[in-house]
Amino acid sequence: MALLTVENLGIGYQTAKGLLKAVDGVNFTLEPGHSLGLVGESGCGKTTIGMALMGLLPPNGRITEGRIVLDGLEISAMSEDELRKVRWNKVSMIFQAAMNALNPVKRISAQMVEAIQVHRPEVSDEAALTRVEGLFNLVGLPLERLYDFPHQYSGGMKQRAIIAMALALNPKLVIADEPTTALDVIVQDQILKETKELQRQFNIGIIFISHDISIVADVCHQIGVMYAGQLVESGPAEEVFFNSKHPYTQALVSSFPTLAGPKTKLAPIPGEPPNLTGTIPGCRFCDRCPKDTASCKLDHPQWQEVGPGHHVLCDHC
Amino acid sequence: MSERRENKTILQLERVSRFYRTRGNVFRGGGRLVVALNEINLSLRAGEIFGLVGESGSGKTTCGRLIVRLEEADQGRITLNGEDITHLKGKKLREYRRQVQMVFQDPYQSLNPQVTIADSVAEPLITNKVGSPLDHMERVLKVLKTAGLSPAEDYVYRFPHQLSGGQRQRVAIARAIVLEPSLLVADEPTSMLDASYSAQIFEILQGVRDKMGATIMFITHSMASARYLCDRIGVIYRGHLVEQGPAEQVINAPQHPYTKALIDATPKFGRAAEVPTYGTLLAAERPANSSAGCPFFRRCALAERLLCAGTYPPWRQVGPEQVALCHLLEDAAPAVSTG
């Protein structure tokens, strides 16, 4: 059975200009122990999906349609009290900007003990501290730094502490929202490798949210490419990158400079993503698309299967 | 692009150092001296794009700020076209800044939110009393077009909040080139932007070089962007320049262990098989007793205890125009000049 099933998910934000449909008609599943990379530019709805999976949408955001089912439990229909039991026990999150995710006036150990005891009140102080020590070993933090304050840590160490906290209660699913964006390349590389190793060791499902395809390409089994609130292409990582079909994925891949291979001219994507407050009748990418035809603007594109497990939301692929 | 590279030096840094003193307090007493840049030798050739690559805290931004004279070097000499600009003041400094401009990292902070795009871009013209107010608008429209904002007329009366990050960065570039500087320092201009916008910024910077003949110093943490955009690359580690050479050579045949570590860490994007793995980075830092040795000693997997810990490494000539600061390149000849 799939660990996570997302069906026809739609999420809207109530704004002064009307309902902004940040996510529209998104479907995907995640098997236990697998990783899915959600990539797309800022504003495409990838963080919104992550927040919805945690039941942490801001007050003006709500799930307008569809369902999220995690491990047999329907997250999208839960009350706040029920959600609190699922959060951190079954699904946890590594937040964007780890620098700001730690409490600056509390020692790291105290924060991690607190995270454990809030969700498992029955755990004693000693047992929680033992668990924290175990987590420190797991993510490669030296034990003598247990009682430090966050400002005494480097960026990479803070990120490791955040990862340790996300793993504290053995969740089945971890949502990593841009976990390495603020880090240097060398630290980023180390953390990505360690995360991959931990995932294999504990058979955790990971949803990796990033704007940087070069990172998810190396880390994830499955890739979902998002554009303007919709998933536009999904499939096995190599398929999506080396055999991309959707014009947006192709543009995204060719706008990244690489270290190896021929030094081809980067192809910037002209234009800007559409405004999501109104209704968009046809394909959302057609204003920027080289394959644009008259019918693209009028009809919703349909999903096409272009390879085993490889799907594209485009009528011309 | 390399075939049109000229050899005329436009900017030269000679043994430039910059120190910061950390703020002391009641308990710790006086501040500690931090070396942000240590005896940097660099030269930029007219019409090239030079990439300065390093991690955060390596001193690459400090280097840029010294060149545009937002800060003053504590030691050493910086010359532009042979003229010493290290300690320029007053009128001379203002004149210098007409020739040397900077594009900052964060386009969300570098534009005044209360000023229209037209006024923002025209401001350097007004402060430097260039041209009449009548032809200001013409020049503003022209540089907005060069910076890829067209139709430029649509943008002039907008405010920064009405633009996307990519568009703001293009305005920041327009503002930097409106005085037609001979040298442009671009400090991580794409690190806050999405990939599709970065590619546009790269294209615009190339255009600024090709059409306006400006020399560009491109400061970045990404080896892949440096490979794409730059003619030559300098790699900087904790204030020390450790390798310098033509971009293709430094990336395909890196010589310094730190350059190799940077290449190891760069995501290969499914092309891992085409790039060798060097494994020059030590998993855990090793302790060092003295600060006299190689700056990379603590993290270098290849370092030899006696040699590397105790003495500062020499510059070696490791390829045509390529130099590296390392003890372990014994086969290579000592470098004639590091500039």
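The analysis underlying the following values was restricted to heavy atoms, covering all of them including side chains, and did not include hydrogens, waters or symmetry mates. Everything quoted here is computed from the prediction, not taken from an experiment. Chain letters run A, B, ... following the sequence lines, proteins first and then strands; every chain starts at 1.
Proximity to chain B is limited to the side chain of A:Gln190, based on heavy atoms less than 4.5 angstrom apart. Residue A:Ala260 touches chain B through both its backbone and its side chain, counting heavy-atom pairs closer than 4.5 Å. When heavy atoms are compared at a cutoff of 4.5 Å, A:Pro142 does not approach chain B at all. B:Leu281 touches chain A through its side chain: at least one heavy atom from C-beta onward sits under 4.5 Å away, while N, CA, C and O do not.
Chain A forms the most heavy-atom pairs under 4.5 Å with one residue out of B:Gln200, B:Met223, B:Glu248, and that residue is B:Gln200. Across B:Gly148, B:Ser164, B:Gly54, B:Ala284, the residue that shares the most heavy-atom pairs under 4.5 angstrom with chain A is B:Ser164. For the set A:Val253, A:Asp218, A:Asp184, A:Asp189, the entry with the most heavy-atom pairs within less than 4.5 Å of chain B is A:Asp184.
Salt-bridge formation is not detected for the pair B:Arg232/B:Glu321: no Lys NZ or Arg NE/NH1/NH2 atom is positioned less than 4.0 Å from an Asp or Glu carboxylate oxygen. Ionic pairing of B:Glu203 and A:Lys265 is present here: one or more N-O contacts between side-chain nitrogen and carboxylate oxygen are shorter than 4.0 angstrom.
In this model, no donor atom of one side chain and acceptor atom of the other lie less than 3.5 Å apart for A:Gln222 and A:His34.
Under the side-chain hydrogen bond (donor to acceptor under 3.5 Å, both in side chains) test applied with B:Gln322, the options B:Gln255, B:Gln244, B:Glu243 reduce to a single match, B:Glu243.
Judged by the 6.0 Å and 45° rule, A:Arg288 forms no cation-pi pair with A:Tyr248.
For the pair B:Thr220 (side chain) and B:Ser222 (backbone), a donor-acceptor distance under 3.5 Å is present.
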